[in-house]
Undergrad: 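Have a look at this one before I ask anything.
Indexing begins at 1, ligand by ligand and atom by atom, following the structure's order.
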Amino acid sequence: MKSLKARLKRWLTALDGLLMPLARRFPALAALYYLGFSRAFDREHSAVLAGRLENRIAVRGERRSSYRLRRSVHRIEKGLIMRPRRPVFAEDYIGEVVGVVIGASRDDAIDVAELKWARDVLDEYFATVDKTPTTMAANAAYVAAFPTPLAGERFAPFTQQPPDADAPDYDALAALVRRRRSVRWFREAPVPFELMERAIDLASTAPSACNRQPFVFYVSSNPETARKMAACAGGAAGFSSSLQCVVAVVGDLAAYGHERDRHAIYVDGSLAAMQLILALESQGLATCVINWADVAQQDDRLSRIIGSQSYERTVMLIAVGFPDTTARVPYSKKRATHLMFKMVP
Ligand SMILES: Cc1cc2nc3c(=O)[nH]c(=O)nc-3n(C[C@H](O)[C@H](O)[C@H](O)COP(=O)(O)O)c2cc1C
């Protein structure tokens, strides 16, 4: 039985070796390969579809989501900062943006600061652009919904000033960045909620495509749950007994209506994760990223523990805790700087 299995595996590997060079020649053949021979992309396909569907439901206003608001306001802000700024822009979608902002203002769960940002930006838009039938109609709808501007700090385009004298310089950043190492052994001490919250606050300032921020950090500071989460990944097998807290960085494919944007959750989630890691490090908390491979059973197990949705995909797990200073850390020599770039003439 064992030898039959091994023979079958060898045969399949050989067939794979024959099919791969053929299938890679044309995208349609590659699609056939992944339909008939390998089903490795099934879960990704299904999650992307679930995300698009969820996005459509949100666009129809049947489910709450601030992605559309965030992207819409972002587009207007970009128009406002252009040099030279066009006398009138966004005519083909300003009506839609106003509708999105009005819709968001009726949502009890909306973040009031987010709405204030949207209102401040639109106030500036209507005060700045030339009056055309389209902008006047949009402005009329806007003023009818919001007769007076909101008081308080203004969240609209600004000018970036040079850093002041006590801003962190290269050396300060270098000290923090070089101190961060992947630590796998932690003290048996809880990770204070306030430190995690402060770190997430900084992580949330990371850049993201169209400012959508399509990810959530699922945090467990319960060592038992944290270990169960890490066990789904496998990469923490040797040191899971030491884990105190695990963060799952989870991307939300419902932020997008098109497949072409499906990678943004990984890019944006990772940029924010790095800021989270450094913010934790700056507060004395060590981390170790735990790899998240696309494996069905692992996905299902983690999803059940954290309660994530079919359109959410895990980007990585991060173990967090106070380092056990008696344990050792791999040296992990880095590549030489000169090998890390190629100058493009
Ligand atoms: C995406 C990613 C996945 C990783 N997965 C694991 C893992 O599963 N288990 C583990 O012990 N370390 C993991 N690491 C940590 C790496 O081994 C570590 O970053 C690398 O060896 C460099 O060491 P340093 O972080 O101390 O600089 C991962 C790191 C990254 C960025």
Side-chain angles (χ1 to χ4, degrees), residues 40 43-44 47 170 172-187 191 199-200 202-203 206-208 214-220 223 225-252 262-303 305-306 308 312-341:
R43 289 179 74 79
E44 184 163 14
Y170 180 89
L173 179 64
L176 176 69
V177 167
R178 291 191 200 286
R179 198 178 73 202
R180 182 223 59 84
R181 301 308 309 273
S182 289
V183 166
R184 295 171 177 86
W185 299 100
F186 301 98
R187 273 201 281 127
V191 170
I200 292 174
L202 284 196
S208 68
F215 51 82
V216 174
F217 299 112
Y218 285 88
V219 184
S220 179
T225 313
R227 287 166 204 177
K228 276 190 193 151
M229 286 166 69
C232 298
F239 56 94
S240 63
S241 61
S242 132
L243 302 184
Q244 305 297 315
C245 169
V246 164
V247 178
V249 182
V250 176
D252 184 358
R262 67 190 180 279
H263 297 149
I265 58 165
Y266 304 104
V267 177
D268 295 347
S270 298
L271 287 166
M274 193 64 231
Q275 289 202 182
L276 179 81
I277 287 169
L278 290 176
L280 289 165
E281 187 71 44
S282 73
Q283 302 179 96
L285 284 159
T287 54
C288 182
V289 172
I290 303 168
N291 197 39
W292 191 256
D294 189 8
V295 181
Q297 296 93 319
Q298 298 182 352
D299 240 12
D300 289 342
R301 270 210 334 257
L302 184 70
S303 177
I305 297 171
I306 64 179
S308 60
E312 290 185 308
R313 301 230 82 196
T314 302
V315 177
M316 70 182 83
L317 303 185
I318 308 172
V320 184
F322 292 103
D324 174 347
T325 50
T326 64
R328 303 215 298 162
V329 174
Y331 189 86
S332 299
K333 178 82 184 81
K334 301 301 177 192
R335 288 167 67 198
T337 309
H338 71 276
L339 300 176
M340 298 290 290
F341 65 93

Undergrad: Keeping to residues at least two apart or across chains, list the salt bridge (charged side-chain N to carboxylate O under 4.0 Å, His left out) pairs with something in residues 275-288.
TA: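 Of all non-adjacent pairs touching residues 275-288, those that pass salt bridge (charged side-chain N to carboxylate O under 4.0 Å, His left out) are Arg179-Glu281.
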Undergrad: Who are the salt bridge (charged side-chain N to carboxylate O under 4.0 Å, His left out) partners of Arg184, not counting sequence neighbours?
TA: none
Undergrad: For Asp294 and Arg313, what are the C-alpha separation, side-chain angles and deciding distance, and is it a side chain to side chain contact (heavy atoms under 4.5 Å, CB included)?
TA: CA-CA 9 Å; Asp294 189 8; Arg313 301 230 82 196; 3.1 Å; yes
Undergrad: Around ligand 1, what residues show up once you keep those with a heavy atom under 4.0 Å from it?
TA: Arg180, Arg181, Ser182, Arg184, Gly235, Phe239, Cys288, Val289, Ile290, Asn291, Ser332, Lys334
Undergrad: Quick check: closest heavy atoms across Asp268 and Pro207, and the distance to 0.1 Å?
TA: OD1-O, 4.3 Å
Undergrad: Would you check if the side chain of Thr287 reaches a backbone N or O of Val320 as a donor-acceptor pair within less than 3.5 Å?
TA: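 No: the side chain of Thr287 does not pair with the backbone of Val320.
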Undergrad: In chain order, what residues pass the side chain to side chain donor-acceptor pair (under 3.5 Å) check against Ser220, with sequence neighbours excluded?
TA: none
